[in-house]
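Bear in mind the structure is a predicted one, so any value in this text is a computation, not a measurement.
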Amino acid sequence: MSRSRSESREAQPSTGDESAATGGRRLALDVHGRLRTMILNGELPPGSVLLQAEMARKLGVSRTPMREAFRLLQEEGLIDARPDQRARVRSVDPEDLDAVYGARVMLETLAVSMTAKSFTAEDAQRMTEALKRMQSLAVDDEPDEWHAAHHEFHSIATQAVGSHLQRMIASLGEHSERYIRLAQLGTPASWGKAFAEHEALLEALRLGDPAEAARVVARHLARTALSVLADIAPEYEPAATRTALGIAGNGQAGSSASVG
């Protein structure tokens, strides 16, 4: 009996070990989230060298959660980290940008078309308030607040689709943040056009016009992709974005940039 009890105790994991493992995982995820935000908002621009020891000191953590955070970032395709080489923030990939925005155009035109059919006065008020916050914020000085308002605006505009599709749209929107940042830096004069497009989308939803809402959001999103590509890879042909725009936005794309 004594031997059986002893074996039973040995088979049970230590509560302290479990707690430490859970805490370590949580810390690694927190570090990953902080680094991910720094990459997406442009604080760590494409090509930046990332040294684990240096980043660990900067964020006040040990090397262990930093290694796990680097692994997660590499899985997401945000950094390149080969053995015996310095990790770097991945450069903007024209093919990735094109694919992301082609998918956004198709999914968000579907979503805003559905939302237009059930849009309420309360929805309009919430979108109006989000738009006012965007207009009042300086994106260079308050990027987190601006992107939060921008995310809320587009989330309300696409709210009518199911939860699975909402998650897909949200994921693509997060992936787009670094491209939005590049568009903002590259074409500051586009702000007036961008706000006009946001206002046009809100008006189309308020009027319950699915076709116009789809056309506006398709052109709005495509402008960002085409603007950034024209800046970083003018030789690249954005087939996915142009095809999606042709299907959802009557095949018309202006030359000026937007911030989608």
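Not a single salt bridge (Lys or Arg N to Asp or Glu O under 4.0 Å) links Asp96 to another residue, sequence neighbours left out. For Asp209, there are no side-chain hydrogen bond (donor to acceptor under 3.5 Å, both in side chains) partners, not counting sequence neighbours. Shown here are the side-chain hydrogen bond (donor to acceptor under 3.5 Å, both in side chains) partners of Arg88, two or more places apart in sequence or in another chain: there are none. Lys58 pairs by the side chain to side chain contact (heavy atoms under 4.5 Å, CB included) definition with Met38, Glu43, Met55, not counting sequence neighbours. Every residue meeting the side-chain hydrogen bond (donor to acceptor under 3.5 Å, both in side chains) condition with Glu199, not counting sequence neighbours, appears here in chain and number order: Gln135. Annotation: salt bridge (Lys or Arg N to Asp or Glu O under 4.0 Å) contacts of Glu68 (sequence neighbours excluded): Arg25, Arg71. Not counting sequence neighbours, the partners of Phe153 by the ring pair (Phe, Tyr, Trp, His ring centres under 6.0 Å) test are His198. Residues meeting the salt bridge (Lys or Arg N to Asp or Glu O under 4.0 Å) test with Glu203, sequence neighbours left out: Arg206. Scanning for side-chain hydrogen bond (donor to acceptor under 3.5 Å, both in side chains) contacts around Thr241 gives Asp98, with sequence neighbours left out. Under the salt bridge (Lys or Arg N to Asp or Glu O under 4.0 Å) criterion, Glu129 pairs with no residue, sequence neighbours left out.
Taking CZ of Arg67 as the start and CG of Leu72 as the end, the distance is 13.5 Å to the nearest 0.5 Å. Rounded to the nearest 0.5 angstrom, Leu27 CG and Ser62 OG are separated by 6.5 Å. Between atom NE2 of residue His220 and atom CZ of residue Arg215 there is a gap of 13.0 Å, rounded to the nearest 0.5 Å. The CG atom of Leu226 sits 11.0 Å away from atom CZ of Arg219, with the distance rounded to the nearest 0.5 Å. Annotation: the span from Glu145 atom CD to Ser136 atom OG amounts to 10.0 Å, rounded to 0.5 Å. To the nearest 0.5 angstrom, Thr109 atom OG1 is 11.5 Å from Met114 atom CE.
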Worksheet entry | Full working for side chain to side chain contact (heavy atoms under 4.5 Å, CB included) between Leu229 and Tyr101 | CA-CA 11 Å; Leu229 283 171; Tyr101 271 90; over 6 Å; no

Practice prompt. Start with the C-alpha gap between Ile247 and Met106, add the side-chain angles, then the distance that decides, and say whether side chain to side chain contact (heavy atoms under 4.5 Å, CB included) holds.
Written response: CA-CA 8 Å; Ile247 294 170; Met106 295 305 297; 4.0 Å; yes

Item to complete: List the steps and the verdict of salt bridge (Lys or Arg N to Asp or Glu O under 4.0 Å) for Arg126 and Glu152.
Response: CA-CA 9 Å; Arg126 289 166 57 214; Glu152 182 179 355; 5.0 Å; no

Practice prompt. Starting from the C-alpha separation in whole Å, work towards a yes-or-no answer on side chain to side chain contact (heavy atoms under 4.5 Å, CB included) for Leu110 and Thr158.
Written response: CA-CA 8 Å; Leu110 167 64; Thr158 58; over 6 Å; no

Item to complete: Would you sort out whether Leu78 and Arg90 count as a side chain to side chain contact (heavy atoms under 4.5 Å, CB included), showing the intermediate values?
Response: CA-CA 6 Å; Leu78 290 176; Arg90 287 190 63 182; over 6 Å; no

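Taking a cutoff of 4.0 Å between a charged side-chain nitrogen and a carboxylate oxygen, Asp30 and Arg34 qualify as a salt bridge.
Hydrophobic clustering (ILVMFWY, side-chain heavy atoms < 4.5 Å, transitive): Val100 and Tyr236 are in one cluster.
Scanning all heavy atoms of the two residues, the minimum distance from Val105 to Ala248 falls at CG1-CB, 4.1 Å. For the pair Ser91 and Pro46, the tightest heavy-atom approach, listed with the atom from each and the gap, is CA-CB, 3.7 Å. What you find for Ala233 and Pro94 is that their closest heavy atoms are CB-CG, 3.6 Å. Closest heavy-atom contact between Phe70 and Gln52: CE2-CG, 3.6 Å.
A donor-acceptor contact shorter than 3.5 Å links the side chain of Gln166 to the backbone of Gln159. With Asp123 contributing its side chain and Thr120 its backbone, the two residues share a donor-acceptor pair below 3.5 Å. Side-chain N or O atoms of Thr115 include one that pairs as donor or acceptor with a backbone N or O of Ala157 at under 3.5 Å. Within the 3.5 Å criterion, the main-chain N or O of Met168 finds no donor-acceptor partner in the side chain of Ser171.
Residues near Leu207 contribute nothing to a hydrophobic cluster around it, because no ILVMFWY side-chain heavy atom sits closer than 4.5 Å to its side chain.
In this structure the side chain of Leu221 never reaches within 4.5 angstrom of the side chain of Leu245, judged on heavy atoms. With contacts defined as side-chain heavy-atom distances shorter than 4.5 Å, the pair His151/Glu174 does not qualify. With a 4.5 Å cut-off on side-chain heavy atoms, Phe119 and Val112 do not count as touching. When side chains are defined from C-beta on, Met127 counts as touching Leu205, because their heavy atoms get closer than 4.5 Å.
Aromatic rings from His150 and His154 are positioned such that their centres are separated by under 6.0 Å.
Under the side chain to side chain contact (heavy atoms under 4.5 Å, CB included) test applied with Leu35, the options Leu73, Val89, Leu50 reduce to a single match, Leu73.
Each salt bridge (Lys or Arg N to Asp or Glu O under 4.0 Å) pair with one or both residues in residues 44-54, not counting sequence neighbours, would appear here, but there are none.
Atom CD of Glu122 sits in a sparse spot, with 12 or fewer heavy atoms from other residues, nucleotides or ligands closer than 6.0 Å.
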